[in-house]
Amino acid sequence: MNLRLYDTAARSVRDFEPLQPGRASIYLCGATVQAPPHVGHIRSGLAFDILRRWLQASGYDVTFVRNVTDIDDKILQRGTDEGIPFWQVAMRNERAFTWAYDQLGCLPPTYEPRATGHVPEMVELMQRLIDAGHAYPADGDVYFDVRSLPEYGALSGQRLDDMQPAADSDAQIKRDPRDFALWKSAKPGEPQWHTPWGPGRPGWHLECSAMASRYLGPAFDIHGGGMDLLFPHHENEIAQSKAAGDSFAQYWMHNAWVTTSGEKMSKSLGNSLLVSEVVQRVRPVELRYYLGSAHYRSMLEFSDEAMSEAAAGYRRIEGFVRRAEESLGMPESVPVPDAFAAAMNDDLGVPQALAVVHDTVRVGNAALAADELVGAREARDEVVAMLDVLGLNPYAPPWAAQSDDGAARRALGPLVDVVLAQRAAARDRKDFAVADALRDGLAASGIVVEDTPAGPRWSLAEEI
RNA sequence: GGUGGAGUGGCCGAGAGGCGAGGCAAGGGACUGCAAAUCCCUCUACACGGGUUCAAAUCCCGUCUCCACCUCCA
């Protein structure tokens, strides 16, 4: 079974057929770096990280571009408010995004272009659009003429005449109120670049068209982003690029948002949960598991309770892998089970894929309990292979480094061994009160002791 | 007004005509000095009203509720 993906433009699931066999090119709309990221932003990065990993695991050579839009009205406003250059605001928030992507184990993009670094490409694109009669300069602005493109609105399924007229003050200088700005003339004090139409700065949509074609060419495979970018951002991107003669994206994918109390998480609603805050309450790998556990096109209602449940689910998987390592050593690379591959090939069916993981964990646990090492090894290696596709492999970066409390374990080990020896002596003489007190004492220090047929095992508690 | 999405058991969350995904929680059992972990078993579903069908959570008609987008948004 081949990979099938839901294409927003076709409103249906389609077989994925790359432009070049064995290669896949993806452009993901990244952050407009106005503020630090909340979990909704990172869900988008995560959903497409899983797509990318699955394509790579399926043998594709993936080129993954995720842009940074480092100039827009809010960034400029914030710079003004704080009395600092806009680029300082942008850089600060870009670092916060990078940190969050890294925390959640999202692979770095192949290229990560910034809007302000691609003004020449934007100017060239605008010139092509003007020459083709799809854009026009007006008072130092440059607008896209939506009426010049009959298919405008097709991606989002809207007809121009049904749209609410924009409450836009510059309506006088536009040919149609729904024409959108490719380029904005510089107001006093604003940053500016020189163009044939006067000094100004980029509009919101132009940068993605310019950068996508710069790094992926006039035609590429997949364009991704949040559902809320469908209109206007992606509609305008497709309009710019198609009007300029590019074939642009062959597939459009959109992830659903994260909600709290039934409402979309949003900076403007003030109900957003910063990634930096959430990872104080739960390990980053557990947050990744939680955000990835719902299908990418389903809304995810965020709650601490649901996140804790998800964390418990991940620890069950992780516990199996760690316990298996004690008797089996490190895992070997094996193919993922067919059921897992089938789930992933069906428009990234991570929920069903996770069901396969859990089923395999149960089989593996039973094999371990029965001392059937062959079966346990098979299950363990498959589980690790599946976790790897999902970016949850505890042996892979960044989790390996984070969960390897090497220094702490080396320092604590001899001390814990002393206490465990005392406890063993107490148990031998049936003095269970003392034995339990010793175990409780360790537990109070965050050291969990479990008895196994091979003797006690200790670990550092994950609960914070 | 236009467009799109959602309503599933105590909770999260899949599925899209027939054999009840999975997880978390709960109860029972096995194991254990006790616990933990693990395994086995068990319970509770498809918003509402009609219809089609041998068979509907799934298809059709209608209704209700909720959410999102329509030039700030992942």
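Everything quoted here is computed from the prediction, not taken from an experiment. Per chain, numbering begins at 1; letters A, B, ... match sequence-line order.
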Describe the nucleic acid contact of A/Glu301 in one word from base, sugar-phosphate, nothing, applying a heavy-atom distance below 4.0 Å.
-> sugar-phosphate
Winner on side-chain proximity to A/Arg362, out of B/G13, B/C34, B/G22, is B/G22
Distance between the P atoms of B/G62 and B/G4, in whole angstroms?
-> 15 Å
With a 4.0 Å cut-off on heavy atoms, is A/Arg423 in touch with a base, just the backbone sugar-phosphate, or nothing at all?
-> base
Indicate, with a heavy-atom threshold strictly under 4.0 Å, whether A/Gly40 touches base, sugar-phosphate, or nothing.
-> base
A/Lys74 side chain, from C-beta outward: closest of B/C72, B/C67, B/A74 = B/C72
Nearest heavy-atom approach of A/Val33 to A/Asp70 is CG2-CA, 3.8 Å
From the list B/C24, B/U71, B/G23, which nucleotide is the closest neighbour of the side chain of A/Ala312?
-> B/C24
Short side-chain N/O contact to B/G15 OP1/OP2 from A/Gln352, under 4.0 Å | yes
With sugar-phosphate meaning primed atoms plus P, OP1 and OP2, does A/Tyr6 contact a base, only sugar-phosphate, or nothing at under 4.0 Å between heavy atoms?
-> nothing
May I ask you to evaluate whether A/Lys264 reaches the phosphate of B/C69, defined as a side-chain N or O under 4.0 Å from OP1 or OP2?
-> yes
Side-chain N or O of A/Arg66 less than 4.0 angstrom from OP1 or OP2 on B/A74?
-> no
Taking only the side-chain nitrogens and oxygens of A/Ser308, find out if one of them lies under 4.0 Å from OP1 or OP2 of B/C24.
-> no
Taking the six-membered ring of A/Tyr296, is NZ or CZ of A/Arg43 closer than 6.0 Å to its centre and within 45° of its axis?
-> no
Could you tell me whether A/Ser303 contacts a base, only the sugar-phosphate backbone, or nothing, with contacts defined as non-hydrogen atoms closer than 4.0 Å?
-> nothing
When you measure from the side chain of A/Arg316, which nucleotide among B/G33, B/C39, B/A74 comes out closest?
-> B/C39
What integer distance in Å separates A/Asp371:CG from B/U38:P?
-> 18 Å
A/Tyr6 six-ring face occupied by A/Arg11 cation (under 6.0 Å, within 45°) = no
Rounded to whole angstrom units, what separation is found between the CG atom of A/Leu368 and the P atom of B/A36?
-> 20 Å
Base B/G33 paired with A/Arg427 side chain (donor-acceptor, <3.5 Å) = yes
Counting only side-chain N and O atoms of A/Arg11, is one of them less than 4.0 Å from OP1 or OP2 of B/G5?
-> no
For A/Asn365, report the nucleic acid contact type (base, sugar-phosphate, nothing); a contact means any heavy atom under 4.0 Å.
-> sugar-phosphate
Report yes if a donor N or O on one partner sits less than 3.5 Å from an acceptor N or O on the other, where the partners are the side chain of A/Asp161 and the base of B/G2; otherwise report no.
-> no
Does a side-chain N or O from A/His358 land closer than 4.0 Å to OP1 or OP2 of B/G22, or not?
-> no
Can you label the angle between the A/Trp54 ring and the A/Phe340 ring as parallel, tilted or perpendicular, going by 30° and 60°?
-> perpendicular
Side chains of A/Pro191 and A/Ile71 in contact at under 4.5 Å (non-hydrogen atoms) = yes
Would you check if the side chain of A/Arg78 reaches a backbone N or O of A/Asp73 as a donor-acceptor pair within less than 3.5 Å?
-> no
Looking only at B/C34, B/G13, B/A74, the nucleotide nearest the A/Asp436 side chain is B/C34
Expressed in angstrom and rounded to an integer, what is the separation of A/His38 atom NE2 from B/C72 atom P?
-> 16 Å
Dump the intermediate steps for salt bridge (Lys or Arg N to Asp or Glu O under 4.0 Å) on A/Glu318 and A/Arg283, then the final yes or no.
-> CA-CA 13 Å; A/Glu318 188 184 34; A/Arg283 288 186 301 158; 2.8 Å; yes
Would you indicate what A/Asn236 reaches in the nucleic acid, counting non-hydrogen atoms under 4.0 angstrom: base, sugar-phosphate, or nothing?
-> base
May I ask you to verify whether the side chain of A/Asp451 and the base of B/C34 hold a donor-acceptor pair under 3.5 Å?
-> yes
Which whole number of Å gives the distance between the P atom of B/G15 and that of B/U52?
-> 29 Å
Using atom P of each nucleotide, how far apart are B/C24 and B/U65 to the nearest Å?
-> 37 Å
Testing B/C11, B/A36, B/C72 for proximity to the side chain of A/Glu309, the answer is B/C11
Would you indicate which nucleotide in B/C69, B/G22, B/A37 comes nearest to any side-chain atom of A/Asp359?
-> B/G22
